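A quick write-up on the structure given underneath.
Counting starts at 1 for both ligands and their atoms, following the listed order. Source: prediction; values computed, not measured.
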Amino acid sequence: MKYLIRPLEEKDIEAIVAGEMEVFGDSLGYDLIYADLKLNPYAHYLVLEIDGEVGGYLSLWITGEAAEMINFYVAKKYQGMGFGKKLLDFALRLCRLCKVKSLSLEVRSSNLPALRLYEKYGFVFSHVRKSYYRDGSDAHVLIKKFEVK
Ligand SMILES: CC(C)(COP(=O)(O)OP(=O)(O)OC[C@H]1O[C@@H](n2cnc3c(N)ncnc32)[C@H](O)[C@@H]1OP(=O)(O)O)[C@@H](O)C(=O)NCCC(=O)NCCS
């Protein structure tokens, strides 16, 4: 299995939207991702390519000392093989290179695989966003702090 992590290209967007629909049943949508790619200098989309196809992605906005994770998934058929850790490692290295002091994210309070993963990488619970998701469920806001010299 050959894989790489690379920046988003316009030709990836349809596959990413389809992948989001598969894992979340919902998507940020083509237009938002397209606008981020073309117009948002703070947006970073890390695409996981496996054997020539899009197998997931992680996006974040880095605005000075603060960064926010926007979305993150690995396609179902590739989950549990370590690709999530590879994407997250890459994102954390990018944050360190950019001298980010804190990275925040929202995660569904019921999403145990993701919560375990974030805990392993030093994310700490900050607060709850009530009824954050369209189906009315809550989000946990997690934050990872970086040592910046
Ligand atoms: C969360 C997600 C990105 C992890 O990607 P992945 O490639 O499956 O993860 P990895 O194989 O790298 O595993 C990383 C860690 O996640 C946790 N994990 C993964 N699958 C798990 C499962 N089914 N149950 C419990 N923990 C799990 C484990 O802590 C694991 O570490 P370990 O291998 O040392 O035990 C992936 O499961 C996914 O896309 N889920 C649906 C979308 C989602 O929830 N995105 C995050 C939104 S905030």
Should the pair Lys38-Glu10 be classified as a salt bridge under the 4.0 Å nitrogen-to-oxygen rule? yes
Under 3.5 Å between some N or O of ligand 1 and some N or O of Val74? yes
Ignoring angles and geometry beyond distance, decide whether Val107 reaches within less than 3.5 Å of ligand 1 through its nitrogen or oxygen atoms. no
Parallel, tilted or perpendicular for Tyr57 and Tyr45, by the 30°/60° rule? parallel
Under a 4.0 Å N-O cut-off, is there an ion pair linking Asp138 with Lys130? yes
Please determine if Ala114 has a nitrogen or oxygen closer than 3.5 Å to a nitrogen or oxygen of ligand 1. no
Is the closest N or O pair between Phe24 and ligand 1 shorter than 3.5 Å? no
Which ligand 1 atoms does Arg116 reach within 4.0 Å, using its non-hydrogen atoms? 25 (C), 26 (N), 29 (O)
Ion pair present between Glu65 and Lys99, side-chain N to carboxylate O less than 4.0 angstrom? no
Are Ile16 and Ile33 side-chain neighbours, meaning at least one heavy-atom pair lies under 4.5 Å? yes
Give the numbers and elements of all ligand 1 atoms closer than 4.0 Å to a heavy atom of Phe72. 3 (C), 42 (C), 43 (C), 45 (N), 46 (C), 47 (C)
Among all protein heavy atoms, pick the one closest to atom 15 (C) of ligand 1 and tell me residue, atom and distance. Leu117 CD1, 3.7 Å
Contacting atoms of ligand 1, where contact means under 4.0 angstrom from a heavy atom of Gly84: 5 (O), 6 (P), 7 (O), 9 (O), 12 (O)
Please check if a non-hydrogen protein atom sits closer than 4.0 Å to atom 2 (C) of ligand 1. no
Tyr73-Glu20 side chain donor-acceptor pair, cut-off 3.5 Å: no
Hey, mind stepping through His140 and Glu106 against side chain to side chain contact (heavy atoms under 4.5 Å, CB included) and telling me if it holds? CA-CA 6 Å; His140 281 192; Glu106 283 109 10; over 6 Å; no
Students should be able to answer this: which protein heavy-atom is nearest to atom 38 (C) of ligand 1, and at what distance? Gln79 NE2, 3.4 Å
N or O contact, Lys120 vs ligand 1, cut-off under 3.5 Å: yes
Do the charged groups of Glu53 and Lys77 touch, with an N to O distance under 4.0 Å? yes
Would you say Asn111 and ligand 1 have an N/O pair spaced under 3.5 Å apart? yes
Under 4.0 Å from a heavy atom of Glu106: which atoms of ligand 1 are those, numbered in the order shown and with their elements? 48 (S)
For ligand 1, find out whether one of its N or O atoms is nearer than 3.5 Å to an N or O atom of Met81. yes
Using a 4.0 Å heavy-atom cut-off, say whether Tyr118 meets ligand 1 through its side chain, its backbone, both or neither. side chain
Do Leu48 and Leu46 pass the side chain to side chain contact (heavy atoms under 4.5 Å, CB included) test, and can you show the C-alpha distance, the side-chain angles, and the key distance before you say yes or no? CA-CA 7 Å; Leu48 170 68; Leu46 312 175; over 6 Å; no
With a 4.0 Å cut-off on heavy atoms, is Leu112 in contact with ligand 1? no
Per-atom filter on ligand 1: closer than 4.0 angstrom to a heavy atom of Gly82 are 10 (P), 11 (O), 12 (O)
Evaluate Lys85 for polar contact with ligand 1, using N/O atom pairs at a separation under 3.5 Å. yes
Might you confirm whether atom CD of Glu22 has over 12 heavy atoms from other residues, nucleotides or ligands at distances under 6.0 Å? yes
Is the positively charged end of Lys144 above the ring of Phe146, judged by distance under 6.0 angstrom from the centroid and angle within 45° of the axis? yes
Taking atom 17 (C) of ligand 1 as the reference point, the nearest protein heavy atom with its distance: Pro113 O, 3.5 Å
Atom 8 (O) of ligand 1: which protein heavy atom is closest, and how many Å away? Gly80 N, 2.8 Å
Should the heavy atoms of other residues, nucleotides or ligands under 6.0 Å from OH of Tyr42 be counted, would the total exceed 12? no
